[in-house]
Protein chains: 2
Amino acid sequence: MPRANIFDVAKLAGVSIKTVSRVVNHEPNVRASTKERVDQAIAELSYRPDQSARNLASHRSHLIGLVYDDPAAYELPTSGYIIKMQQGALTACRSAFSELLIHPCNYRTKDVAAQLTSLIEETRPAGIILAAPLSNMPKIVRAIDATGTPFVRLSPGKPDEKRFSIGTNDRESSAEMTRYLASLGHKRIAFITGHASHKAVANRFLGYQDGLQQSGLKFSERLVVAGDNSIESGEACAEKLLTRKQPPTAIFAANDDMAAGVIRVAHRMGVDVPEQLSVAGFDDIALARMIHPALTTVRQPLTEMAQRAAEALIEGKCGDASERAPETVPATLQIRESTGPAAR
Amino acid sequence: MPRANIFDVAKLAGVSIKTVSRVVNHEPNVRASTKERVDQAIAELSYRPDQSARNLASHRSHLIGLVYDDPAAYELPTSGYIIKMQQGALTACRSAFSELLIHPCNYRTKDVAAQLTSLIEETRPAGIILAAPLSNMPKIVRAIDATGTPFVRLSPGKPDEKRFSIGTNDRESSAEMTRYLASLGHKRIAFITGHASHKAVANRFLGYQDGLQQSGLKFSERLVVAGDNSIESGEACAEKLLTRKQPPTAIFAANDDMAAGVIRVAHRMGVDVPEQLSVAGFDDIALARMIHPALTTVRQPLTEMAQRAAEALIEGKCGDASERAPETVPATLQIRESTGPAAR
DNA sequence: CTGAAATTTGACAGCGCTGTCAGAAGCAGG
DNA sequence: CCTGCTTCTGACAGCGCTGTCAAATTTCAG
């Protein structure tokens, strides 16, 4: 049995193909009763519009392009980031009968912008999702802009104001984590800052300060140590903190790697986590669940961000003119085993 | 200036559109001189066929589906694997004006097969690349088979005989690595085996034995210790081996993680690598280049395998009937800093 | 040279859908 | 029951390409 086409549906519903088309595309001006008949016929025949035909007739594809910097090109193990974005975008695409076109590219290449331009010209996607760090490069943004293709920027930190973008609330969620630690009775909550150049990570430090204040705790420079995002720096910071006369009862690290370092040092020093020390991280990398005790952390909503981005593109509301307000997808606390009530 | 279509090309080249179509699709029976004229016109107008129109007219899409088990679904940090496959497949697709459709799925889900079937019915891809471990599941293979879609199985170990698949030569390359170590003067070359369930890893152990024999060295049970693919097991095995009265001068681990563990232990024990101990791994994960000293290892040609798979699919030679012989893409030795001449 | 076979080329009808635009139906108000 | 309006529906022409099949051209044996 060959797959049903728009004529079959029209015949069964007793309408013209154009009306079926209207229903399928959610166009206005279709009587409710008519729409119902058509919907029923669609269901009965399990009709699915042929994408190629739609694309051909409408001069635009139902493709969403996901453009990201490709870490494999220079061997960074950040691929989890990419997989998550892909997942999110795919989810949105599937439920909208759209397809996802992935386009890894190396931002160090001279002609990334030109490559992007030709990709767009060739595939004429309905929209582009531009991941960080590409999303922060004026050259790239300009190139996409020039093609007139709608696009959404995925920025790990706060979205900026110029064009539509989706970000997350690092600062607020750090504050939340801090409040959570305070609510467990911790008075001395230390913070390990991350690499200075990382904007999102700086926001987390601000959030930590907010959280202290909101919990009625005093911020103290003495409880802040500087890491550089690596596990090793986390270890070094933990050693500094835990060998003090009056060590903190909780350590909040600006990322999971450093938090993992803290836990490792605690093990070595015979400090029980979470009985004697609570440890929290940020990012919710795969490692967070795999270490012991499993790490309490803040989950970056990368998947959701990408999904929202794709949805926005599919809705077609990211057009050139539309000055749409940036969106923020909230990060969420993942309470696991590494945090607990403050020791008395 | 709107983009050129097949009529523009035909006019410029002084032929019919059908002839242009023939040239574009590499169909036979076009005179060389004609083809040349058409190619020139294509170049001049920078013509690119409209995929939607081709798909619509030809009833098949120019999509290649890449189907793989999605580690993010249950948080394994194996994503580098996926990224590499994607890269390879993308390379092939780009040069053939095809698009890559990615389809991560969770093999633990009950209805993976059904999902796959509906994906195929909906998008009608020109071919499917099926990655391990999905490629070894009869249920999945049957489901794809039933749709009549050409597919290639990507298997990390030896390709099997039943249907077209692409694999790599774990055994031969392990032998090669072993011979390389022997050629550096090592007489006591230890091997750390991997997790028993991993077929490819078992092949590596066989390769090690082959290599010893080919180098005129005697295989000894005493030089073999069992790991489980993890860094930690690598560390444990290294401790066992290095605390012996007569420790090996080279350790070949069945994967990079375990090799990294060996190097870590060597550091701790004050054993210089490669001066006092050569260490080799297998896989060439991102980590291999990042540790110090950089790890000598065997590179799995994942990217190439995926590329070959996509090419085969695009060539259209993986059809149902065509009993095509499995292909093997050779793995290659990556000599880095962790191996050197045997200590005297 | 000639005729038949082999090779190369072209005309044209769709593929399944959307956009345009005209026509039908519904709905007030008189 | 008609007018003038709005709301809804349908006929039909493409979109750019490929498949079919017949026509044109070339090739080659005799």
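Because only heavy atoms are used, hydrogens play no part in the values below, and waters and symmetry mates are left out as well, while side chains stay in.
- Contact of the B/Arg299 side chain with the B/Glu304 side chain is registered, since non-hydrogen atoms from C-beta on lie closer than 4.5 Å.
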(request) Could you please spell out the steps behind the side chain to side chain contact (heavy atoms under 4.5 Å, CB included) verdict for B/Ile129 and B/Val67? (result) CA-CA 6 Å; B/Ile129 303 175; B/Val67 178; over 6 Å; no
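- Annotation: the span from A/Glu327 atom CD to A/Arg308 atom CZ amounts to 4.0 Å, rounded to 0.5 Å.
- The phosphate of D/dT9 (OP1 or OP2) has a side-chain N or O of A/Thr34 nearer than 4.0 angstrom.
- How far CD1 of B/Ile120 is from CD1 of B/Ile144: 5.0 Å, rounded to the nearest 0.5 Å.
- Checked against side-chain hydrogen bond (donor to acceptor under 3.5 Å, both in side chains), B/Thr303 has no partners two or more places apart in sequence or in another chain.
- Between the side chains of A/Gln307 and A/Gln87, no donor-acceptor pair is found at a separation under 3.5 Å.
- Side-chain N/O atoms of A/Thr19 include one lying less than 4.0 angstrom from OP1 or OP2 on D/dG10.
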Using the 3.5 Å cut-off, write out each protein N or O paired with an N or O of nucleotides 16-24 of chain C and the distance between them.
unit_1	atom_1	unit_2	atom_2	d
C/dC17	OP1	A/Tyr47	OH	2.5
C/dC17	OP1	A/Asp50	N	3.2
C/dC17	OP2	A/Ile6	N	2.5
C/dT18	OP1	A/Asn25	OD1	3.4
C/dT18	OP1	A/Asn25	ND2	2.9
C/dT18	OP1	A/Arg54	NE	3.2
C/dT18	OP2	A/Ser21	OG	2.6
C/dG19	N7	A/Lys18	NZ	2.8

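- Judged by distance alone, with hydrogens and angles left aside, the side-chain atoms of B/Arg37 form a donor-acceptor pair with the main-chain N or O of B/Ala13 at under 3.5 Å.
- By the 4.0 Å N-to-carboxylate-O rule, A/Asp50 lies too far from A/Arg54 to be salt-bridged with it.
- Contacts with DNA chain D (heavy atom under 4.0 Å) in residues 36-44 of chain A: none are found.
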